[in-house]
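What follows is a single structure, written as structure tokens, with notes after it.
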Amino acid sequence: MAISLDTRYLDGFVRDHELGALQAQVTAAHEMLHNKTGLGNDFLGWVTLPTDYDKEEFARIKAAAARIRENTDVFIAIGIGGSYLGARAVIDFLKSPQYNLTVKNAPQVFFAGNTISPAALTELLDLCEGKRVSINVISKSGTTTEPAIAFRVLRDYLVKTVGEEEARKRIFVTTDKARGTLKGLADREGYETFVVPDDVGGRFSVLTAVGLLPIAVAGCDIDALMKGARAAQDELCDTAIENNPCYRYAAARQCLLRKGRAVELMVSYEPAYAMMSEWWKQLYGESEGKDGKGLFPASVVFSTDLHSLGQFVQDGSNILFETVVMIDRPARDMVIEEDPENVDGLNFLTGSTMDYVNKKAFEGTVLAHTDGGTPNLVIHVPSACEEELGYLIYFFEKACAISGYMLGVNPFDQPGVESYKKNMFALLGKPGYEDARAALEARLGR
């Protein structure tokens, strides 16, 4: 298997027989998932997606990405939540968080519609000045506030700068296959469209057109990404906890939750992984956080955050455990050279690689934190490439589903997300929300 799980740092916190006692629950969750008998079973298209994806659409995604890479300076993906985090996470991890500063002979890739900040959208418009711009709006309905506002502004910008006919060639729409306001607009205007599958929820959609078009535009190999996910689909089916690192991870986190560890802190030692942690936080937070249950997902980048949050992890209240994602072979490395004056006192590191030092920082940290009372799980990823990342994405998605079923919740709905939207619509004066608006204004003291 490409991905391995090291549980040695659970010693003293979780005993082997405690994990073994969860085997029946893991098996039941596996059967609910694969037999489609559990809650949310109409959103399980992601389970077989690496083999059952639409091959014709996949080819169109690659063709569209190739055209965009040839005729575009600035590519803007418009979306929020699952329509944003997956693509950005993959691009940051495989290319660089500084991709837009280093890319040559290909488009810069920006993201919009993930906030309602006027400053951020205005700044993006400034960056488009004098550039060839293409946009990809990603929304199942087309009416989600954040992306809808951004698309309205950016579509208007394109029409004004290049005209309606050229704009039609530069607008790509990823939405419902048959209905919705965005689908209707795309059909009327003749925009090329891609599909948000009916049976794949937003936070599980990174390996659909939702994520694949922006990822391909950035020059990532989406064939290899799907190959890695396909390997995970094939390999992560053994119900035995001791044989399946994905199920062992799900069982371990549930065991730790039942012992009062209510926060899971995802740790990485590569800044390029930071957005993958953001994607993971949505995946697990939105899937498990309901019915008064669930782990709170948080994240850090070490060794950076050892100088800010490390003190709490080491000596603070015992409310959390760490899940460390270690990239065994970094994308790049460098050797530390000798300083003739040894001003910093670090000549003892001469000839060592930065990766060697980073790994020793991990080893020292995991020992210190476990000594301080914080359990650790360590997920090893062999290298920072498309195949391994595709595998890891599927690993986390499947572990999330198994964990959610073990928790007794529907891992595939998000009823709580709608609450803020209803309040916002009422306060903005959207028709049909008049009665709610008066009550909310009163609560705000207005």
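Residue indices begin at 1 and follow the sequence shown. This one's a predicted model, so the numbers in the text were calculated from it and none came from an experiment.
No donor-acceptor pair under 3.5 Å is formed between the side chain of Asn244 and the backbone N or O of Ala240. Asn376 contributes no side-chain N or O that, together with a main-chain N or O of Val366, makes up a donor-acceptor pair within less than 3.5 Å. With hydrogens and angles disregarded, a donor-acceptor distance shorter than 3.5 Å links the side chain of Asn35 to the backbone of Glu31. The backbone N or O of Thr323 lies less than 3.5 Å from no partner atom in the side chain of Glu264, so there is not a single donor-acceptor pair. Using a distance-only test at 3.5 Å, with no hydrogens or angles considered, no donor-acceptor pair links the side chain of Asn347 to the main chain of Glu338.
Tyr391 is listed as a side-chain neighbour of Leu236, based on a closest heavy-atom distance under 4.5 Å. Contact of the Ile379 side chain with the Phe396 side chain is registered, since non-hydrogen atoms from C-beta on lie closer than 4.5 Å. The side-chain heavy atoms of Arg203 and Gln414, taken from C-beta on, include a pair separated by under 4.5 Å. The side-chain heavy atoms of Thr239 and Val26, taken from C-beta on, include no pair separated by under 4.5 Å. His369 has its side chain out of reach of Tyr9: every pair of non-hydrogen atoms, C-beta onward, lies at least 4.5 Å apart. Looking at heavy atoms from C-beta onward, Val313 lies in side-chain contact with Leu320 at the 4.5 angstrom threshold. In this structure, Val200 and Leu207 have side chains that are not in contact, with every pair of non-hydrogen atoms separated by 4.5 Å or more. At a threshold of 4.5 Å between non-hydrogen side-chain atoms, the residues Glu388 and Leu392 do not count as touching.
In this pair, Tyr84 and Phe111 present their aromatic rings perpendicular. The plane angle is above 60°, beyond the 30 to 60° band. Classified by interplanar angle (parallel below 30°, tilted 30° to 60°, perpendicular above 60°), the ring pair Phe412/Tyr405 is perpendicular.
Sorted by first and then second residue, the side chain to side chain donor-acceptor pair (under 3.5 Å) pairs with a member in residues 112-128 form an empty list; sequence neighbours excluded.
Ion pairing between a basic and an acidic side chain is recognised when a charged N comes within 4.0 Å of a carboxylate O; Lys359 and Asp355 show such pairing. Between Glu70 and Arg67, none of the side-chain N atoms (NZ, or NE/NH1/NH2) sits under 4.0 Å from a carboxylate O, so this pair counts as no salt bridge. Between Asp198 and Lys140 there is a salt bridge, since a side-chain N of the basic residue sits under 4.0 Å from a carboxylate O of the acidic one. Between Asp221 and Lys227 there is no salt bridge, since no side-chain N of the basic residue sits under 4.0 Å from a carboxylate O of the acidic one.
Considering OH of Tyr284 and CZ of Arg253, their distance stands at 5.5 Å, rounded to 0.5 Å. Note that CD1 of Ile222 and CZ of Phe58 are 3.5 Å apart. Values are rounded to the nearest 0.5 Å. Rounded to the nearest 0.5 Å, atoms NZ (Lys398) and CH2 (Trp46) are 7.0 Å apart. Rounding to the nearest 0.5 Å gives a distance of 8.0 Å between CD1 of Ile402 and CE of Met32. Here the CD atom belonging to Glu286 is positioned 9.0 Å from the CG atom belonging to Asp413, to the nearest 0.5 angstrom. A distance of 3.5 Å separates CD1 in Ile80 from CD in Glu146, rounded to the nearest 0.5 Å.
In this structure, a donor-acceptor pair under 3.5 Å is present between the side chains of Ser403 and Glu288.
By the salt bridge (Lys or Arg N to Asp or Glu O under 4.0 Å) test, Arg8 pairs with Asp6, sequence neighbours left out.
Just one residue in the list Arg132, Lys131, Lys104 forms a salt bridge (charged side-chain N to carboxylate O under 4.0 Å, His left out) with Asp73, and that residue is Arg132.
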(request) Please assess Glu18 against Arg258 for the test salt bridge (Lys or Arg N to Asp or Glu O under 4.0 Å), listing each intermediate value before the final yes or no. (result) CA-CA 11 Å; Glu18 292 179 282; Arg258 295 172 194 186; over 6 Å; no

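Residue Ser139 comes nearest to Thr144 through the heavy atom pair OG-OG1, 4.0 Å, listed as atom of the first residue, atom of the second, then distance.
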